[in-house]
Number of protein chains: 2
Amino acid sequence: MIRILVVEDETAIRRSLEIGLRAHGYDVLIAADGRTAIQACTEDAPDLVLLDLGLPDLTGFEVLRQLRTWSTVPVIVLSARHGSGDKVEALDLGADDYVTKPFGLDELLARVRAAGRRAQTSERIVTDDFVIDLGAAQVLVDGEPVRLTPIEWKLLAVLAASPGRLVGRVDLLHQVWGPAYEGETNYLRVYVANLRRKLEPEPARPRYLHTEPGLGYRFTP
Amino acid sequence: MIRILVVEDETAIRRSLEIGLRAHGYDVLIAADGRTAIQACTEDAPDLVLLDLGLPDLTGFEVLRQLRTWSTVPVIVLSARHGSGDKVEALDLGADDYVTKPFGLDELLARVRAAGRRAQTSERIVTDDFVIDLGAAQVLVDGEPVRLTPIEWKLLAVLAASPGRLVGRVDLLHQVWGPAYEGETNYLRVYVANLRRKLEPEPARPRYLHTEPGLGYRFTP
DNA sequence: GGCGTTCTTGACGGGATCTTGACGTGCGAG
DNA sequence: CTCGCACGTCAAGATCCCGTCAAGAACGCC
């Protein structure tokens with residue numbers, strides 16, 4: 001079940017979105033202000049966020065900015081303002097799409113499907129030595145499933161989501177442990193070592209999980 | 001350089017898109033009809049496609065459908081039709097975004113950036129001897145990744161960010177080491193030499209990392 | 001309540017990296 | 001021609017960072 005967080009303070013719009021989305025098979029979470037929205041993202045990890053720009057406490061921009069410091073969840077911004085300035089700002093802050101009110105439910109649903117389609121990261125990553133199945137949340141080494149602890153899995157998923165790219169130490173800690181652990185580089189050392197022991201054919205000479213001294217780590221298939 | 005394929009039959013719009021995109025640092029490929037567009041995608045592998053729906057031979061929908069059978073390149077659809085039917089169809093066929101004419105260039109550029117960000121198209125600088133991938137934070141010499149220390153990488157990134165431009169010694173020290181190191185021109189000598197040893201085919205006779213005596217350094221691709 | 005797994009934390013050694021200074025070289029000015 | 005300046009080169013010490021290990025704490029499951 002795909003779970004969508006609707007962030008909207010006007011009750012009427014919120015209700016109609018909720019009903020429309022539910023009718024098309026989505027699970028709907030609700031937040032009426034920015035603080036609740038951010039909290040909901042940390043606790044419930046929705047698959048997609050519909051974010052209204054006009055909120056009572058924080059602006060939608062601020063919610064988006066805070067969200068993007070640690071999360072890559074797809075965000076579709078809803079706004080009554082047609083000006084291009086808002087669009088540019090929202091998109092550059094990391095929004096995936098921008099829809100101006102009033103909008104048709106069928107168009108919104110199409111954009112939700114488009115965002116969801118993009119978000120599913122190629123599901124399976126295959127190397128010579130193991131297979132990472134993002135959807136099933138498991139790793140096969142020589143065809144045999146390997147037991148990974150929750151943190152090990154999350155760390156691997158974050159690294160594998162950007163194959164070939166350097167992922168900074170701060171980014172990793174932020175996404176796996178949370179915003180409060182940005183200095184704990186110890187964790188990375190320990191858990192990267194764990195992953196290597198379980199995945200690499202030669203843990204002492206890593207082929208897939210490379211370390212970039214002083215910067216972070218890189219997964220290369 | 002990020003390469004964008006513009007598929008548009010109206011000369012006026014095509015020209016203005018080409019000029020606008022070029023001015024913002026994109027490499028622009030052109031196709032005036034559907035067949036040419038598909039051919040260009042197979043041969044030139046652009047990083048992103050701007051697709052007009054009204055084409056002389058095939059419809060934009062048909063181009064998109066054929067493209068999606070084998071390619072996952074991000075596609076932004078341009079259309080004069082505001083009806084939601086077209087939007088829904090295009091998005092469900094695999095378009096990443098849908099923009100209705102007339103549109104502002106700044107909005108289009110923001111959507112291009114958003115699409116590129118999602119697809120992780122990274123800025124690359126290609127020379128005869130090596131490739132600098134700024135997004136992945138990696139340098140390839142003869143196809144093989146080269147180990148750069150954090151400072152070496154930062155220095156190269158700053159120089160490569162202004163290709164062909166002179167970068168003053170103070171600017172370099174400021175951006176790489178920090179405001180407190182503005183007098184340490186020794187560092188530049190040492191680390192530019194390191195970079196040359198790792199990148200230049202003939203470190204003694206630099207082809208890419210030129211020094212401007214008394215002023216600073218210049219990277220020329 | 002007991003047990004096993006997982007997470008946290010700290011210490012240690014080895015290796016890579018940064019810093020620092022000395023020396024050589026080429027060029028232009030005097 | 002000689003001098004001085006700026007850059008290139010090199011090497012060695014200090015420092016930082018990473019991999020490793022192990023032990024205690026926290027957690028979840030029966």
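Within every chain, numbering begins at 1; the chains are lettered A, B, ... in the order of the sequence lines, protein sequences first and strands thereafter.
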Under the ring-ring contact (aromatic ring centres under 6.0 Å, His included) criterion, do A/Tyr191 and A/Trp177 qualify, and how do the steps go? CA-CA 12 Å; A/Tyr191 279 91; A/Trp177 279 270; 5.6 Å; yes

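An OP1 or OP2 oxygen of C/dT8 is reached within less than 4.0 angstrom by a side-chain nitrogen or oxygen of A/Trp177. Phosphate proximity of C/dT6 to A/Arg147: present, with a side-chain N or O under 4.0 Å from OP1 or OP2.
Using a 3.5 Å distance cut-off with no hydrogens or angles, the side chains of A/Tyr98 and A/Ser79 do pair a donor with an acceptor.
In this entry the distance linking CZ of B/Arg169 with C1' of D/dC7 reads 10 Å, nearest Å. Atom CG of A/Leu172 is separated from atom C1' of D/dC17 by 16 Å (rounded to the nearest Å). Going from atom CG of B/Leu215 over to atom P of D/dC5 covers 18 Å, rounded to whole Å. Between A/Leu155 atom CG and C/dC7 atom P there is a gap of 11 Å when expressed in whole angstrom units. When rounded to the nearest whole Å, the span between NZ of B/Lys198 and C1' of C/dA16 equals 10 Å. Straight-line distance from the CD1 atom of A/Ile151 to the P atom of D/dC27: 12 Å, rounded to whole Å. Distance, B/Tyr191 OH to C/dT20 P: 11 Å, rounded to whole Å. The nearest whole Å value for the distance from the CG atom in A/Asn194 to the P atom in D/dC18 is 16 Å.
At least one donor-acceptor pair under 3.5 Å links the side chain of A/Arg117 to the backbone N or O of B/Leu91. With hydrogens and angles ignored, the 3.5 Å screen pairs no side-chain donor or acceptor of A/Asp96 with any backbone N or O of A/Pro74.
The side-chain heavy atoms of A/Val49 and A/Val63, taken from C-beta on, include no pair separated by under 4.5 Å.
Crowding of A/Arg35 atom CZ: a count of heavy atoms from other residues, nucleotides or ligands under 6.0 Å not exceeding 12. Within a 6.0 Å radius of CZ in B/Arg15, no more than 12 heavy atoms belonging to other residues, nucleotides or ligands are found.
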Below 3.5 Å is the cut-off: list the nitrogen or oxygen pairs between protein and nucleotides 8-13 of chain D, distance only.
unit_1	atom_1	unit_2	atom_2	d
D/dG8	OP1	B/Arg196	NH2	2.2
D/dG8	OP2	B/Tyr217	OH	2.9
D/dG8	N7	B/Arg189	NE	3.0

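Side-chain proximity of A/Tyr187 to the nucleotides C/dT8, C/dC7, C/dT17 is greatest for C/dT8.
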